[in-house]
2 protein chains.
Amino acid sequence: MSAWGSKSERVREHVLDLVETMAVGDRIPAERKLAEELDVSRMTLRGVIDDLVREGYLNRRHGSGSYVAEPKIAQPLTMTSFSDDMRLRGFVPSGRTLELVTVAAGARLARRLQVSPTEPVVRALRLRLADDVPMAIETLHVLAALVPGLTADDLEHSSFYDLLAARYGVQLGTGAQVIEPTVTSEEESARLGVPVHSPAFLFERTTRDSAGAVVEFVRSIYRGDRYQLTATLLAPKRRDQDRARSGPAPTIAESHS
Amino acid sequence: MSAWGSKSERVREHVLDLVETMAVGDRIPAERKLAEELDVSRMTLRGVIDDLVREGYLNRRHGSGSYVAEPKIAQPLTMTSFSDDMRLRGFVPSGRTLELVTVAAGARLARRLQVSPTEPVVRALRLRLADDVPMAIETLHVLAALVPGLTADDLEHSSFYDLLAARYGVQLGTGAQVIEPTVTSEEESARLGVPVHSPAFLFERTTRDSAGAVVEFVRSIYRGDRYQLTATLLAPKRRDQDRARSGPAPTIAESHS
DNA sequence: AAGTGGTCTAGACCACGGC
DNA sequence: CCGTGGTCTAGACCACTTT
């Protein structure tokens with residue numbers, strides 16, 4: 001996976017399109033057949049299918065075939081915005097921008113964003129709703145220089161990550177998110193419509209672009225009565241004895257209760 | 001990856017051993033060279049290295065080489081027991097079994113374990129400590145028939161998963177873990193040594209064996225002041241337009257604050 | 001230019017599932 | 001039995017990094 005016009009990319013699109021036209025549980029064509037149809041070697045097709053299986057689109061059954069997977073109840077958490085996440089789960093996302101200001105980063109935030117403390121930073125406070133029910137409060141910090149002309153309206157009507165890509169040409173790389181349990185403050189409780197000191201998740205996310213530069217720092221409070229995390233644990237690959245390192249990483253997913 | 005004596009398995013062990021003798025940042029031999037040394041094709045070796053990269057042992061640099069990766073600060077969460085997790089992080093794990101009884105499953109638990117409500121079930125209540133500091137309270141449920149002769153002492157001196165494998169011949173498959181934010185009850189607070197209503201994680205884990213049968217149901221309370229979760233988000237694979245499905249799953253890891 | 005990983009090929013044989 | 005996925009091969013050529 002890398003070059004845009006690579007054979008794998010093209011095959012991936014084809015197979016993904018195919019999967020989307022099929023029903024859950026349907027068997028996709030045999031690898032040898034599909035590879036020939038798409039004019040690639042079987043190994044190339046297998047690489048693509050391997051990815052799709054890993055991503056949860058397909059299941060393999062040795063000796064039987066590859067089948068369109070059940071859409072996960074708990075969708076994997078991707079680096080999408082809240083909006084995309086909610087849509088993925090069948091909710092209508094919306095948001096209200098409670099605050100949108102440009103301020104100097106300050107010491108703490110400057111360290112997070114890896115910039116000078118005097119660097120102008122856009123701080124946006126957003127209430128996030130799913131089906132018009134408050135779900136989370138999000139505080140977004142992003143370099144002002146990176147998003148000239150950003151308005152509250154932008155944030156309410158499109159995914160911030162879409163904006164970053166489409167308008168500002170920022171290609172996202174990896175991100176790290178720390179998750180802690182917390183309880184809501186009075187202000188948070190009022191905004192979320194939950195009792196004070198309700199259990200909640202605190203998410204702190206630092207996102208980088210594909211070059212490794214910090215793009216944003218986001219602090220979110222998710223109400224614990226409507227949000228849960230689901231981790232799928234995989235059996236570790238056997239190793240004759242334990243080492244100082246660990247096995248395969250499990251996946252995590254968000255879901256609603 | 002599957003058969004025990006497969007070439008990939010053997011190669012994996014070799015490369016993993018090699019990695020462990022090298023320092024972080026060292027470059028491993030070139031693929032062509034290493035493949036020849038291990039008497040496999042380059043493609044086979046690449047498959048193994050792909051896995052190791054995914055698992056965080058190695059980093060690849062196109063045109064340069066593959067390098068021993070920095071041990072992750074936040075180790076990936078594997079299907080290990082609390083004991084192994086703590087050891088992995090440099091703590092000395094210990095535990096006190098507060099209760100070990102055999103009871104009828106009852107309606108709720110029977111559904112979780114997928115057995116009859118009258119089925120005898122071992123319930124163990126354990127206090128988990130890291131460096132002698134209470135870290136979590138764990139309630140373990142497992143079919144009594146699966147673990148004949150299990151004693152409180154067993155649970156204090158060895159990993160339950162090790163026990164399952166070594167003494168009872170249970171091979172673990174996948175597990176699902178739901179994570180919610182909560183606050184500690186008075187009893188939990190007392191046992192963990194934290195103020196009442198402290199933020200905490202509630203973990204509910206259902207583990208299956210390699211055949212898909214439910215092995216255990218575990219409910220754990222982790223104190224939120226000493227435990228946090230870290231999710232590594234991966235950039236989604238590009239798709240010309242958004243579809244009803246999502247991209248690659250991120251990894252999650254536990255770490256201490 | 002030389003060396004490295006990235007992609008792809010056109011086969012081969014094995015292991016499992018279902019008819 | 002046959003069709004399926006699982007593994008593996010011995011190359012080829014491309015793209016990138018380093019010298």
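Letters A, B, ... are given to chains in the order of the sequence lines, protein chains preceding strands, and every chain is numbered from 1.
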Side-chain N or O of B:Ser6 closer than 4.0 Å to phosphate OP1/OP2 of D:dG6
no

Residues from residues 31-39 of chain A lying under 4.0 Å of DNA chain C - heavy atoms:
A:Arg32, A:Asp39

Thinking salt bridges, do B:Arg12 and B:Glu55 make one under a 4.0 Å N-O criterion?
yes

Can you measure A:Arg46 atom CZ to D:dT7 atom P for me and round it to whole angstrom units?
7 Å

Figure out the CZ/C1' separation between A:Arg60 and C:dG17, and round it to whole Å.
16 Å

For C:dC8 and A:Ser8 - does any side-chain N or O of the residue sit under 4.0 Å from the phosphate oxygens OP1/OP2?
yes

Can a donor-acceptor pair be found between the side chains of B:Tyr161 and B:Glu216 at a distance below 3.5 Å?
yes

When rounded to the nearest 0.5 angstrom, what distance separates CD in B:Glu204 from CZ in B:Phe217?
4.0 Å

Using a cut-off of under 3.5 Å, enumerate the N/O to N/O pairs linking the protein to nucleotides 15-17 of chain D.
unit_1 : atom_1 : unit_2  : atom_2 : d
D:dA15 : N3     : B:His62 : NE2    : 3.0
D:dT17 : O4'    : B:Gly63 : O      : 3.3

What is the distance, rounded to the nearest whole Å, between atom CE of B:Met43 and atom P of D:dC13?
16 Å

In whole Å, I'd like the distance from the CZ atom of B:Arg10 to the P atom of D:dT9.
9 Å

Please determine whether side-chain contact (heavy atoms from CB on, under 4.5 Å) holds for the pair B:Val15 and B:Leu38, giving the CA-CA distance in whole Å, both sets of side-chain angles, and the decisive distance to 0.1 Å.
CA-CA 9 Å; B:Val15 177; B:Leu38 299 179; 4.1 Å; yes

Mind calculating the distance between CG (A:Asp50) and P (C:dC8) to the nearest angstrom?
14 Å

What nucleotide, of C:dC8, D:dG5, C:dG5, holds the atom closest to the side chain of B:Arg42?
C:dG5

Starting at CG of B:Leu146, measure out to CD of B:Glu119 and round the result to the nearest 0.5 Å.
10.0 Å

Which pairs of donor and acceptor atoms, one on a side chain in residues 21-30 of chain A, lie under 3.5 Å apart (sequence neighbours left out)?
unit_1  : atom_1 : unit_2  : atom_2 : d
A:Thr21 : OG1    : A:Leu18 : O      : 2.7
A:Asp26 : OD2    : A:Ala23 : N      : 3.0
A:Arg27 : NH1    : A:Ser64 : O      : 3.4

Check whether the side chains of B:Ser8 and B:Ser6 place a donor and an acceptor atom closer than 3.5 Å, and report yes or no.
no

Could you state the atom-to-atom distance from NZ of B:Lys7 to P of C:dA12 in whole Å?
18 Å

Taking the inter-plane angle between the rings of A:Phe201 and B:Phe201 on a 0 to 90° scale, is it parallel (under 30°), tilted (30 to 60°) or perpendicular (over 60°)?
tilted

Can you see if the side chain of B:Ser41 gets near the phosphate of D:dT9 - specifically, an N or O under 4.0 Å from OP1 or OP2?
yes

If I take atom CG in residue B:Asp51 and atom P in nucleotide D:dG6, what distance separates them, rounded to the nearest angstrom?
14 Å

Send over the distance from A:Ile28 CD1 to D:dG3 P, rounded to a whole Å.
18 Å

The test is side-chain contact (heavy atoms from CB on, under 4.5 Å); show your working for A:Glu138 and A:Val218 and say whether it passes.
CA-CA 7 Å; A:Glu138 185 182 285; A:Val218 186; 3.3 Å; yes

Give a yes or no on whether a donor-acceptor pair under 3.5 Å exists between the nucleobase atoms of C:dG5, that is its base, and the side chain of B:Arg27.
no

